[in-house]
Student: 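What follows is a structure written as structure tokens; I'll ask about it next.
Nothing fancy with the numbering, it's 1 onward along the sequence.
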Amino acid sequence: MPVTLVGAIALPTFLNSPQAKAQNKPSAADGSALTVRSDVQEANSKTGVVTARGNVQINYPARQIQATAAQAQYFSRERRLVLNGNVFVLQEGNSIQGETITYLIDEGRFVALPQQNQQVESIYIVTDSDSTTSPAPGLP
């Protein structure tokens, strides 16, 4: 039976690992927790799925990730976070926007899908190793 929560919940990133069962569980204080804030949240202990709806805000300090969406689902058994509805993700100054973005925690990988007839947009910070601008090899 789903439980309805209002407010914020911090989800340890190691819910199903042996470390979670150990005495020293990950905590929000040490930065290893993925924190989800939203208007309403439901947690299903049988399926291990937490669903957050309305003004969803995600903070994952361990990976320097911040995100916003209309809805988020955290699948603790698969260690997968699925964000839906006008999703914006910021990580270390880089950003990605789309209608649905899935974050595969163990792989550290994002998969983004656009709205129908739209595109996904990513902005990456690219630093130049040489501070002076020089032409590409072979160009005058």
Side-chain angles (χ1 to χ4, degrees):
M1 171 197 250
V3 176
T4 301
L5 307 169
V6 178
I9 185 169
L11 304 171
T13 57
F14 302 102
L15 280 177
N16 290 324
S17 68
Q19 293 93 338
K21 296 174 181 130
Q23 198 78 332
N24 297 325
K25 295 180 183 176
S27 70
D30 68 10
S32 63
L34 183 150
T35 304
V36 179
R37 290 185 175 80
S38 65
D39 294 338
V40 176
Q41 295 185 18
E42 296 176 6
N44 186 319
S45 60
K46 288 184 181 180
T47 63
V49 177
V50 176
T51 302
R53 286 186 206 83
N55 302 308
V56 177
Q57 298 175 16
I58 309 278
N59 189 27
Y60 189 7
R63 304 235 177 128
Q64 297 181 340
I65 295 173
Q66 295 176 329
T68 58
Q71 175 179 301
Q73 286 190 294
Y74 178 66
F75 297 83
S76 63
R77 293 181 183 146
E78 295 91 7
R79 293 177 42 84
R80 175 172 51 107
L81 180 65
V82 179
L83 306 166
N84 289 298
N86 196 26
V87 182
F88 178 78
V89 177
L90 181 66
Q91 182 180 34
E92 297 180 13
N94 301 310
S95 67
I96 188 165
Q97 290 181 302
E99 182 60 20
T100 301
I101 297 179
T102 301
Y103 181 59
L104 305 169
I105 294 171
D106 291 335
E107 297 176 34
R109 183 167 67 107
F110 293 97
V111 178
L113 301 172
Q115 282 185 331
Q116 188 173 358
N117 300 321
Q118 299 288 321
Q119 291 183 311
V120 173
E121 178 180 281
S122 297
I123 299 173
Y124 299 100
I125 305 300
V126 179
T127 55
D128 223 353
S129 59
D130 184 14
S131 61
T132 62
T133 306
S134 59
L139 296 178

Student: Measure from the side-chain N and O atoms of Glu99 to the backbone N and O of Ala112, and report whether any donor-acceptor pair falls under 3.5 Å.
Tutor: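 Side chain of Glu99 to backbone of Ala112: no pair is present.
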Student: Just how far is it from atom CG of Asn59 to atom CD of Gln64, taken to the nearest 0.5 Å?
Tutor: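 Asn59 CG to Gln64 CD: 10.5 Å, rounded to 0.5 Å.
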Student: Does a side chain donor of either Arg63 or Tyr103 reach within less than 3.5 Å of an acceptor in the other side chain?
Tutor: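 Judged by distance alone, the side chains do pair up.
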Student: Would you mind reporting whether Asn117 and Gln115 have side-chain heavy atoms less than 4.5 Å apart?
Tutor: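 No. Closest side-chain heavy atoms not under 4.5 Å.
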Student: Nearest 0.5 Å, please: how far is CZ in Phe88 from CD in Gln97?
Tutor: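 Here the rounded value is 5.5 Å.
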Student: When you group the ILVMFWY residues by side-chain heavy-atom contacts below 4.5 Å and let the links chain together, are Val82 and Tyr60 in the same group?
Tutor: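 No; Val82 is not reachable from Tyr60 via cluster members.
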Student: Using a 4.5 Å cut-off on heavy atoms from C-beta on, say whether the side chain of Glu42 contacts that of Arg53.
Tutor: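 Counting from C-beta outward, Arg53 and Glu42 do come under 4.5 Å.
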Student: Kindly give the heavy-atom pair with the smallest separation between Pro114 and Gln119, and that separation in Å.
Tutor: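 The answer is CB-C, 3.5 Å.
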Student: In terms of hydrophobic clusters joined by side-chain contacts under 4.5 Å, are Val120 and Ile58 together?
Tutor: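 Val120 clusters together with Ile58.
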Student: Are Phe110 and Leu83 linked, directly or through intermediate hydrophobic residues, by side-chain heavy-atom contacts shorter than 4.5 Å (ILVMFWY only)?
Tutor: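 Same cluster.
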Student: Closest heavy-atom contact between Val36 and Ala52?
Tutor: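 Smallest heavy-atom distance, with atoms named: CG1-CB, 3.7 Å.
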Student: Quick one: are Thr68 and Val87 in side-chain contact, heavy atoms under 4.5 Å?
Tutor: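 Thr68 does not reach Val87 side chain to side chain.
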Student: Can you tell me if Thr51 and Gln73 form a side-chain donor-acceptor pair at under 3.5 Å?
Tutor: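 Short answer, yes.
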Student: Is the closest side-chain donor-acceptor distance between Thr100 and Asn84 under 3.5 Å?
Tutor: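 Yes, side-chain donor-acceptor contact under 3.5 Å.
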Student: How far apart are the C-alpha atoms of Val89 and Ile65, what are their side-chain angles, what is the distance that settles it, and do they pass the side-chain contact (heavy atoms from CB on, under 4.5 Å) test?
Tutor: CA-CA 7 Å; Val89 177; Ile65 295 173; 4.1 Å; yes
Student: Applying the 4.5 Å side-chain criterion to the ILVMFWY set and letting contacts propagate, would Ile96 and Ile105 be lumped into a single cluster?
Tutor: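 The answer is yes; both residues are in one hydrophobic cluster.
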Student: Any donor-acceptor pair under 3.5 Å linking the side chain of Ser76 with the backbone of Gly48?
Tutor: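 It does hold such a pair.
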Student: Report the distance from atom OG of Ser38 to atom CD of Gln71, rounding to the nearest 0.5 Å.
Tutor: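 Ser38 OG to Gln71 CD: 9.5 Å, rounded to 0.5 Å.
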Student: Could you check whether any side-chain N or O of Asn94 sits under 3.5 Å from a backbone N or O of Ile125, counting only pairs where one atom can act as donor and the other as acceptor?
Tutor: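 Here the side-chain-to-backbone pair exists.
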